[in-house]
Visitor: 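Take this structure, written in structure tokens, and hold onto it; I'll ask about it next.
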Amino acid sequence: MAVSASGGRRLEPALAHWASGCLAVALTLGAVAWAVGIYQILELSIYTEQFAAAMLTATLALAYIVLPARRDTPRTRVPWYDWIAVAASLAAGGYLAARLPQMVDLILLRPTDAVMVSTVLIVLLLEALRRATGKALPIIVAAFILYALVANLVPGQLQGRATDWQKLVGYLAIDVNAMLGVPIKIGTTIVVTFILFGALLTVTGGSRFFTELALTAMGRFRGGSAKIAVVASALFGSISGSAVANVVATGVVTIPMIKRSGYAPHQAGAIEAVASTGGQLMPPVMGASAFLMAEFLQIPYSAVVLAALVPAVLYYAALFIQADLEAARAGISRVDDADIPRVRAVLPGLHFAIPFVVLIVALFTYNEQPETAALWAALTLVALSLAFGYRGERPRVAALLGTLHATGIAVIEIVLITAAAGLVIGVLAISGLGFNLTLALVQIGGGNLILLLLLAAGICILLGMGLPTVGVYVLLAALVAPALVEVGVQPIAAHMYVMYFGMMSMITPPVAIAAYAAAALAGADPMRTGWEAVRFGWSAFVVPFLFVLSPTLLLIGPADAVALAVVTATLGIWLVSIAVIGFFTRPIGAALRSAFAVAGLLALIPAGAFPGAVITDVLGAAAGAALIARELLVGRRMRRDAALRQRAA
């Protein structure tokens with residue numbers, strides 16, 4: 001709900017406050033009811049698409065109450081035209097939800113009521129999307145809709161089948177492969193329950209516990225403040241549905257701490273931006289993308305989590321190592337003792353780990369649906385928090401109930417994005433653009449996998465600029481991943497590849513929104529922060545090529561091959577990170593940095609990437625070991641000589 005910038009006093013009339021509260025709570029409870037199967041228990045015959053339509057209806061109405069027409073301005077009142085939009089959302093969406101079974105059968109006949117309702121909903125969705133995410137995504141969606149209307153006039157390989165307006169809007173709003181398709185079903189069930197879990201972590205003190213745990217564990221080491229940001233953002237970011245939200249939530253604590261310890265402002269912002277963006281790549285939740293990927297590929301959710309594990313660990317290992325080496329190079333010491341909580345004060349919060357154990361066991365041992373597992377974890381969290389509390393405080397019942405409202409507000413953007421993604425998928429299907437685009441990319445690549453991968457990476461970064469996490473992945477999964485699969489890339493590797501490069505748009509200038517958000521908190525130059533984030537996040541631009549060439553890094557293949565790939569990749573990450581920072585036991589020059597970089601890249605290449613790649617693995621590992629041994633000996637000699645000089649003085 002809108003509040004004043006100064007004091008948090010509600011400025012809306014009572015009706016707006018009451019309506020937003022009811023709709024937000026209804027959104028959350030609707031998802032919870034679906035997760036526990038209450039509709040089946042009550043023997044209500046409801047199609048999944050009807051449920052999605054009802055949830056979209058509530059989301060649209062809520063969006064026009066809480067989101068102002070001019071973004072980033074306080075919502076002091078709800079103007080008359082937004083009340084009209086609320087009424088239109090409830091009327092059109094409610095009609096669609098109630099009449100959907102009949103409309104599906106008649107859609108090819110273009111009934112007037114279906115065309116009118118569909119048109120109203122699509123227009124309302126695009127405007128609400130603009131208010132929630134900015135202009136980029138609704139413009140992209142509108143361009144796809146326009147393409148479907150004039151596809152026959154597009155020259156070249158992208159020419160498709162044109163569709164008249166009546167048929168198009170009916171198909172996009174009603175068909176199970178469009179607006180009410182897979183993305184919004186996941187957004188209104190799985191994502192809502194996980195965001196509820198995250199909201200409960202905040203009000204019960206769980207988020208504070210994990211931040212303090214990271215502070216206690218890492219604060220006593222050199223560069224501890226940056227390492228705290230890495231650990232805390234990894235923990236929070238997997239649950240968070242947005243890289244920018246992760247930056248804001250953890251960065252307000254970590255960025256000032258990183259700056260105080262001696263890192264430059266642009267480095268503080270870059271480290272937090274890279275750490276926060278990586279949360280979207282970290283299992284088990286991956287910013288909701290894991291659930292979408294499992295549905296797109298029709299594979300178990302557990303398979304997605306396992307495939308994502310090693311690349312995510314390599315990503316954070318590279319960031320962690322670079323933060324450590326940067327601290328050594330700049331002489332940055334540990335966090336002040338005054339800022340580090342005592343272990344005895346933090347350890348009583350270890351019960352916050354139990355809900356995550358429940359989540360993982362429910363998912364992987366009992367094969368529960370993700371939304372059901374999230375609810376079990378949430379119930380466990382609430383019970384443990386009421387029983388034990390944290391830091392002498394137990395959550396108030398009012399605060400726990402308040403998470404229902406907070407969750408409903410938080411999911412507005414995600415529900416709108418998933419609905420819009422469905423529109424894009426619908427256009428790809430009805431116009432033939434999906435097939436044509438895949439064919440065009442494959443032909444441009446000319447059968448050369450590396451060229452196609454480079455082309456796909458550029459497209460992913462370009463399309464991902466300025467888009468939220470879920471929107472990035474769904475768009476790229478529909479547009480780019482099929483081209484990679486067409487040339488023989490394993491489907492899960494193709495989807496992971498586009499997700500990685502889509503996420504890298506968050507830290508890649510010129511539109512690096514996560515880096516810019518971190519720069520604002522750090523008081524640093526946005527562009528400089530963005531390029532520094534690219535430097536710290538280098539591994540995410542390299543590792544995707546490797547797991548496409550050899551899926552052993554996705555834990556696919558014989559156990560010995562997987563083990564070898566993981567070990568050599570970890571060594572390679574270490575070696576290249578040394579080259580990037582230019583420091584190991586001492587500052588190293590350009591020639592030695594180049595040697596570390598070459599050895600690291602050779603070690604990174606999995607043995608199964610191409611015939612003879614095992615030789616590059618062995619050469620890289622051997623050269624890296626020799627370089628490390630040499631530097632350790634040189635460092636030892638330098639310390640000994642310094643000690644002798646000091647003794648002589």
Visitor: Is it true that, when you exclude Glu486 itself, more than 12 heavy atoms of the residues, nucleotides or ligands shown sit nearer than 6.0 Å to its CD?
Guide: no
Visitor: Glu532: what forms a salt bridge (charged side-chain N to carboxylate O under 4.0 Å, His left out) with it, not counting sequence neighbours?
Guide: Arg535
Visitor: Nearest 0.5 angstrom please: Ile492 CD1 to Ile556 CD1, how far?
Guide: 5.5 Å
Visitor: May I ask you to test the Thr529-Tyr516 pair for a side-chain heavy-atom distance under 4.5 Å?
Guide: no
Visitor: A side-chain contact here means heavy atoms from C-beta on lying under 4.5 Å apart; do Leu549 and Leu449 qualify?
Guide: yes
Visitor: Evaluate the side-chain proximity of Pro491 to Phe296: yes if any heavy-atom separation is below 4.5 Å, no if none is.
Guide: no
Visitor: Find the distance between NZ (Lys227) and CD1 (Ile271) and round it off to the nearest 0.5 Å.
Guide: 11.0 Å
Visitor: Within the structure provided, determine whether His495 and Val304 are in side-chain contact (heavy-atom separation under 4.5 Å).
Guide: no
Visitor: Side chains of Val487 and Asn448, heavy atoms from C-beta outward: is any pair under 4.5 Å?
Guide: no
Visitor: I need the Leu314 CG to Ile573 CD1 distance, nearest 0.5 Å.
Guide: 5.0 Å
Visitor: What do you reckon, is CD1 of Ile615 surrounded by more than 12 foreign heavy atoms closer than 6.0 Å?
Guide: no
Visitor: Output yes when a side-chain donor or acceptor of Thr365 lies under 3.5 Å from a complementary backbone atom of Ala362, and no otherwise.
Guide: no
Visitor: Looking at the rings of Phe541 and Tyr500, which for Trp means the six-membered one, are their centres under 6.0 Å apart?
Guide: no
Visitor: Is any side-chain heavy atom of Val274 closer than 4.5 Å to a side-chain heavy atom of Tyr315?
Guide: yes
Visitor: For the residue pair Phe501 and Tyr497, categorise the inter-ring angle as parallel (less than 30°), tilted (30 to 60°) or perpendicular (more than 60°).
Guide: tilted
